[in-house]
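Along the sequence shown, residues are numbered consecutively beginning with 1.
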Amino acid sequence: MRSTIFSLAAVVAVVLAVSSHAAEQSRFSSVIDDLPLMDQMVEADDGMTFTTPAGRIANVEATTTLSRKEVLDFYAATLPQLGWTKTAAATFVREGEMLNVTFEQTGSAMTVRFAILPSKN
């Protein structure tokens, strides 16, 4: 009986650890479903996305207390894993789309805007 309880506790601990790790690894925008969000970002509720004959158009904002450099470093490291190629400090392209990242500092918080437009290339 004691070994069964120990085994059950060990299984629960492993499931909780795996679930927690998976949740940290798979946090994406609710508006742009293939845009990863940093753990320290809070996504705004009013993003939009739609598809035109030329391609997808999408916008979403998130706020953070991180620096512009920390945000850009994160996306420079993360987006290439999703097929994006960095073409400028805050611009990435992938399969006919261009992602621009812009920033607006307001006090200690910063708004990060992500805009996806059809690429002209």
Handout entry: Distance, nearest 0.5 Å, that separates CD of Q40 from CD of E70
Key = 7.5 Å
Exercise for the section: Indicate, with yes or no, if L82 and L117 share a hydrophobic cluster defined by side-chain heavy-atom contacts under 4.5 Å among Ile, Leu, Val, Met, Phe, Trp and Tyr. Expected result: no
Completion exercise
For S30, the side chain to side chain donor-acceptor pair (under 3.5 Å) test, sequence neighbours excluded, returns E43
Please set out all donor-acceptor pairs under 3.5 angstrom arising from side-chain atoms of residues 106-113, sequence neighbours excluded.
{"unit_1": "R113", "atom_1": "NE", "unit_2": "E61", "atom_2": "OE2", "d": "2.8"}
{"unit_1": "R113", "atom_1": "NH1", "unit_2": "E104", "atom_2": "OE1", "d": "3.1"}
{"unit_1": "R113", "atom_1": "NH2", "unit_2": "E104", "atom_2": "OE1", "d": "2.9"}

Practice task
Kindly work out whether a path of hydrophobic side-chain contacts (I/L/V/M/F/W/Y, heavy atoms less than 4.5 Å apart) joins Y75 to F28.
Solution key: yes
Practice task
Please round to the nearest 0.5 Å and tell me the distance separating atom CD1 of I57 and atom OG1 of T51.
Solution key: 9.0 Å
Exercise for the section: Quick one: pull up OG in S67 and CG in D73 and give me the separation to the nearest 0.5 Å. Expected result: 7.5 Å
Handout entry: Neighbour count above 12 (heavy atom, 6.0 Å) for E95 CD
Key = no
Problem - Residue pairs, two or more places apart or on separate chains, that pass salt bridge (charged side-chain N to carboxylate O under 4.0 Å, His left out) and touch residues 79-93 - result: none
Completion exercise
Hits for salt bridge (Lys or Arg N to Asp or Glu O under 4.0 Å) against D34, two or more places apart or cross-chain, chain-then-number order -> R56, R94
Exercise for the section: Report the distance from atom CZ of F92 to atom OG1 of T87, rounding to the nearest 0.5 Å. Expected result: 8.0 Å
Exercise for the section: Indicate the atoms forming the closest heavy-atom contact of T52 with P118, along with that distance. Expected result: OG1-CG, 4.5 Å
Practice task
Nearest 0.5 Å please: distance from the OG1 atom of T64 over to the CE atom of M41.
Solution key: 5.5 Å
Fill in the blank from the handout: In L35, V93, I32, T91, the residue satisfying side-chain contact (heavy atoms from CB on, under 4.5 Å) with L99 is L35
Practice task
Please report the shortest heavy-atom distance between M38 and L66, naming the atom on each side.
Solution key: CE-CD1, 3.3 Å
Exercise for the section: Report the residues that fulfil side chain to side chain contact (heavy atoms under 4.5 Å, CB included) with T78, sequence neighbours left out, ordered by chain and then residue number. Expected result: P36, F74
Completion exercise
For L72, the side chain to side chain contact (heavy atoms under 4.5 Å, CB included) test, sequence neighbours excluded, returns R68, A90, F103
Problem - CZ on R27 to CG on D39, rounded to 0.5 Å - result: 6.0 Å
